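Everything below concerns the one structure shown next.
Note that the structure is a prediction, hence the values are computed from the model and not measured.
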2 protein chains.
Amino acid sequence: MSSGKLPDTTSFPRPARSLHSEVVEEIARWLIEGHLVAGDLLPNEVEIVERLGVSRTIVREAVRTMVAKGMLQVRRRNGTVVLGEDQWSMFDRELLAWRFRYGVSEDFLEELFRFRAGVETMAAEFCASTPGYDATPLLECCDAMALALQGKGDWFAADLNFHCLLLTGAGNRFLAHLTPMLENLFDALFSPDVLVEDNMRRTLPRHRAVAEAIAAGDPAAARERMLLLVGEARDDTLQRIDLLRGDRS
Amino acid sequence: MSSGKLPDTTSFPRPARSLHSEVVEEIARWLIEGHLVAGDLLPNEVEIVERLGVSRTIVREAVRTMVAKGMLQVRRRNGTVVLGEDQWSMFDRELLAWRFRYGVSEDFLEELFRFRAGVETMAAEFCASTPGYDATPLLECCDAMALALQGKGDWFAADLNFHCLLLTGAGNRFLAHLTPMLENLFDALFSPDVLVEDNMRRTLPRHRAVAEAIAAGDPAAARERMLLLVGEARDDTLQRIDLLRGDRS
DNA sequence: CCCAATTTGTTCGTATGTATG
DNA sequence: GCATACATACGAACAAATTGG
């Protein structure tokens, strides 16, 4: 009966999204926005069915998806409980996208930047210590960034590509698997419209220095320079965000 | 009708495992063992239903689970395709367990050890540079390992605990999220019955040296010593595995 | 110890929508 | 444009397990 209120879930101008993903994202939002926290019980299946106006099948499949991502745990008779954030798939593309969309905490960003610094220095070191590693794609990225500074081309794409190349080129599938994290970070925080030209002019030579150390096969230098690069990026970004927060409050 | 060939998928003496997890693991095995590779189409729903003797619902929910883990992608009308291993959730507890159970490649292990070295040195560095970090749990782990060497206590648990403490104690949720990887690695390769006392006697002082560097708040030393520790562990393990492989062939 | 209520687990039949050929 | 094959979605029913009286 309660489904009378929302007669047109399908009539939204959504291109090809399935009911499944709608419901998954809706429930995920409950958790990410904190309406349900670790230890809470999810409403039971029939209640969700009534609240969202979808069939039980959809709800069950949505729950399966979220269990697979470590967000829920379901026990017979007991209901479905929300797991702590420490159990959630931390590097899952979708989950990261949801977090950035529905709000990440300052702590989350801090730790993300610190972790990123660690893995990217690691990747730079790996690349530099790979015999015969071809660094030309990295240098080409730097050229593309330089062109973008003159208004010819896409800085954002070149910058992101540089960092992804590092992760994927290190010859380590675990490092390579962290690219969705970077992509989400870039999408959320370095979107083209917030790029500051001042920062770009400063960071470009840092990028090139890293690429050159890798081309020279010098792991220690690559590591050191990468640390400098991501440290500056961190400072720039967190400072910019603090300014935004300051404006809002 | 066609299910007459396998009348007893359910009659196995499995205690409380759900049909869902059975089917998920069965399909996962198809992928991990390589019967289906990237780009292949999964048999359609009805065929899986007939082959496994379960309902469509079960199959659909199993597919949802594996889509959530990045192993499958389903497209309307087109069928369900197997994704490349680079898309699979690399740090997912279940998926790691399946891989170790159904066979990991030598490359996989090599990269895992290299990645592990990177993140654990990172964690040691983070811990050592945390002001007021309490290193006594780490030192207690070393004591427990020393006792285990005298036959009093569980070396395996103490060793694993040492490394997990490092990851969880670094104050970084991304590092902490890598503990399932370590746990699976330890379970698969350092199980109590294959521990070599010689290696244990050598590695114990290495552990203590790391803990002491962290207690002293010396990130550079912590990093250096950790690198030594995991390097030796890597060599010991890969050598032992090579011996096993050599015996078998 | 058993009984009953609650909640998820599982199956089946059917209908719809959407690409493909 | 039509038919086909397949995933998508719904609803009703029964099974099984766990909790609490």
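Atom pair B/L42:CG and D/dC6:C1' shows a separation of 13 Å (rounding to whole Å applied). Straight-line distance from the CD atom of A/E22 to the C1' atom of D/dA9: 14 Å, rounded to whole Å. Counting to the nearest Å, the C1' atom of C/dA19 and the CG atom of B/N44 are 15 Å from each other. Here the C1' atom of nucleotide D/dG11 and the CD atom of A/E50 are 13 Å apart, to the nearest Å. Here D/dA15 presents its C1' atom at 11 Å from CZ of A/R56, a figure rounded to the nearest Å. At whole-Å resolution of the value, NE2 in B/H20 and C1' in D/dA17 are 17 Å apart. At whole-Å resolution of the value, CG in A/L52 and C1' in D/dC10 are 15 Å apart. Atom CG of A/L19 and atom C1' of C/dT16 are 12 Å apart (whole Å).
Side-chain atoms of A/R64 lie closest to C/dT10 of the nucleotides C/dT10, D/dA7, C/dT8. Residue B/V54 has its side chain nearest to C/dT11 when only D/dC10, C/dT11, D/dA7 are considered. Between C/dT6, D/dC10, D/dA7, one nucleotide has an atom nearer to the side chain of A/R77 than all others, and that is C/dT6. Side-chain proximity of B/I58 to the nucleotides C/dT10, C/dT7, D/dC10 is greatest for C/dT10. Comparing atom distances between the A/R60 side chain and each of C/dT8, D/dC6, D/dA9 picks out C/dT8 as nearest.
Phosphate proximity of D/dT18 to A/N78: absent, as no side-chain N or O sits under 4.0 Å from OP1 or OP2.
Taking only distance into account, the side chain of A/R76 never meets the base of C/dT7 through a donor-acceptor pair shorter than 3.5 Å. At a cut-off of 3.5 angstrom, counting only N and O atoms as typed in the model, there is no donor on one side facing an acceptor on the other between the side-chain of B/R75 and the base of C/dT18.
Scanning for side chain to side chain donor-acceptor pair (under 3.5 Å) contacts around A/W88 gives an empty result, with sequence neighbours left out.
No salt bridge links B/E45 with B/R56; every basic N to acidic carboxylate O contact stays at or beyond 4.0 Å. Salt bridge annotation for A/E26-A/R29: present, with a cationic side-chain nitrogen under 4.0 angstrom from a carboxylate oxygen.
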Side-chain donor-acceptor pairs of residues 135-147 of chain B under 3.5 Å, sequence neighbours excluded:
from: B/T136; atom 1: OG1; to: B/D134; atom 2: OD1; distance (Å): 2.7
from: B/T136; atom 1: OG1; to: B/D134; atom 2: OD2; distance (Å): 3.1
from: B/D143; atom 1: OD1; to: B/R208; atom 2: NH1; distance (Å): 3.1

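In this structure, B/V74 reaches the sugar-phosphate backbone alone: every heavy-atom distance under 4.0 Å involves primed, P, OP1 or OP2 atoms, never a base.
A/F174 and B/F91 have tilted rings, their planes meeting at an angle from 30° to 60° on a 0 to 90° scale.
When the nearest nucleotides of DNA chain D are assigned to A/T57 and B/T80 by heavy-atom distance, the more 5′-ward of the two goes with B/T80.
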